[in-house]
Amino acid sequence: YYGTTTSGNYTSVIDVGKVTTYSITNPTTGVTYYVALTAYDTSGNESEKSNEVSVYVPVPDTTAPSIPTKPTAVVSKNSVVLKWVAVTDSDLAGYGIYDNGTLIATVGVMSSPTYTVTYLTDGSHTFTLDSFDTTGNRSAKSSETTVTIDTTAPQAPTNLKITVSK
C-alpha cells in the first residue's frame, strides 16, 4: 500500500508476490511517498498493515553553477599559468579547462584557482573554463583568453661581413 497525500491515506495497492524488495518505478519528484506492507497466505488471509515508512523523492538539481571569470594567462616558453576568480556556488565540484575548445583538464574546488598547462605546441591557444557541480551540471564557458606560443629560434645570420676601418 502506498499513497502520496497524507500519512495513512493509501491510494495505491501493489501485489508484489513473494519478494522482499520492490521499487516504485518513475516516482513523482518533489513528493513524499507513504508506504505500509501486509502479508497474506494462500487462503487469502491478510495481516494488519506494517509500520509506515515515508520517503521524499527530491526534485533533481538541473541548475548549472556560475560561469567562471575570464582566466588570466602568464606565458613561459611552452607553458601557460592560468588563474581565475573562484566560483562560490555551494555545490561546486570543480572546473573544466579548455584549449581551443577541447577539454584538456578538470580540477577540483580551490580557493585561489590556478592551473599550469605544459608542453604546448607553437601557435595560438585560446583558453576557456567552465564549472561543474556535484550533480554534473556544467556552466557556460568563460570568456576567452588567447596566447601565442613561439619556441622556434630565429635563423642564424648569414653572409656576415666585417669591415675594419683605420
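Proximity of Thr72 to Thr145: side-chain heavy atoms (C-beta onward) are nowhere separated by under 4.5 Å. Using a 4.5 Å cut-off on side-chain heavy atoms (C-beta onward), Thr151 and Asp122 make contact. Residues Leu82 and Ile97 meet the side-chain proximity criterion, which asks for heavy atoms closer than 4.5 Å. Contact annotation: the side chain of Ser124 approaches that of Thr146 to within less than 4.5 Å [non-hydrogen atoms, C-beta and beyond]. No side-chain heavy atom of Pro113 sits less than 4.5 Å from a side-chain heavy atom of Val107.
The two residues Leu92 and Ser131 make their nearest non-hydrogen contact at CD1-CB, 3.7 Å. Shortest non-hydrogen contact noted between Ser66 and Ser139 is O-CB, 3.6 Å. Closest of all the heavy-atom pairs between Arg138 and Gly96 is NH2-CA, 3.7 Å. Here the closest heavy-atom approach between residue Pro68 and residue Ser142 is recorded as O-CB, 3.3 Å. Contact between Pro27 and Val57 at its shortest, heavy atoms only, is CB-CG2, 4.0 Å. Val147 approaches Ala73 most closely through the heavy-atom pair CG1-CB, 3.6 Å.
Counting only residues at least two apart or on different chains, the ring pair (Phe, Tyr, Trp, His ring centres under 6.0 Å) pairs with a member in residues 21-46 are Tyr2-Tyr33.
With Tyr95 as the fixed residue, the ring pair (Phe, Tyr, Trp, His ring centres under 6.0 Å) test singles out one of Tyr115, Trp84, Phe127: Trp84. For the side-chain contact (heavy atoms from CB on, under 4.5 Å) test with Val80, the passing option among Thr116, Val74, Ile149 is Ile149; the others fail.
Separating the CG atom in Leu129 from the CD atom in Glu144 is a distance of 11.0 Å, to the nearest 0.5 Å. Note: Ile104 CD1 to Tyr98 OH = 10.5 Å, rounded to the nearest 0.5 Å. Between the OG1 atom of Thr5 and the OH atom of Tyr10 there is a distance of 10.5 Å, given to the nearest 0.5 Å. To the nearest 0.5 Å, atom CD1 of residue Ile67 and atom CG of residue Asp130 are 10.0 Å apart.
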Ignoring hydrogens and angles, write down the donor-acceptor pairs under 3.5 Å from the side chains of residues 153-166, residues two or more places apart or on other chains.
none

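With 3.5 Å as the limit, one finds a donor-acceptor pair spanning the side chains of Asp133 and Thr135. Residues Thr38 and Glu46 have side chains that bring a donor and an acceptor to within less than 3.5 angstrom of each other.
With hydrophobic clusters built from ILVMFWY side chains whose heavy atoms lie under 4.5 angstrom apart, Val19 shares a cluster with Val53. At a threshold of 4.5 Å between side-chain heavy atoms, the hydrophobic network of Ile, Leu, Val, Met, Phe, Trp and Tyr places Val81 and Val117 in two separate groups. Under the 4.5 Å side-chain heavy-atom criterion for grouping Ile, Leu, Val, Met, Phe, Trp and Tyr, Val35 is connected to Ile14 within one hydrophobic cluster. With hydrophobic clusters built from ILVMFWY side chains whose heavy atoms lie under 4.5 angstrom apart, Val16 shares a cluster with Ile24.
By the salt bridge (charged side-chain N to carboxylate O under 4.0 Å, His left out) test, Asp89 pairs with no residue at all, sequence neighbours left out.
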Q) Please walk me through it: do Leu120 and Asp99 pass side-chain contact (heavy atoms from CB on, under 4.5 Å)? A) CA-CA 10 Å; Leu120 290 168; Asp99 180 5; 3.6 Å; yes

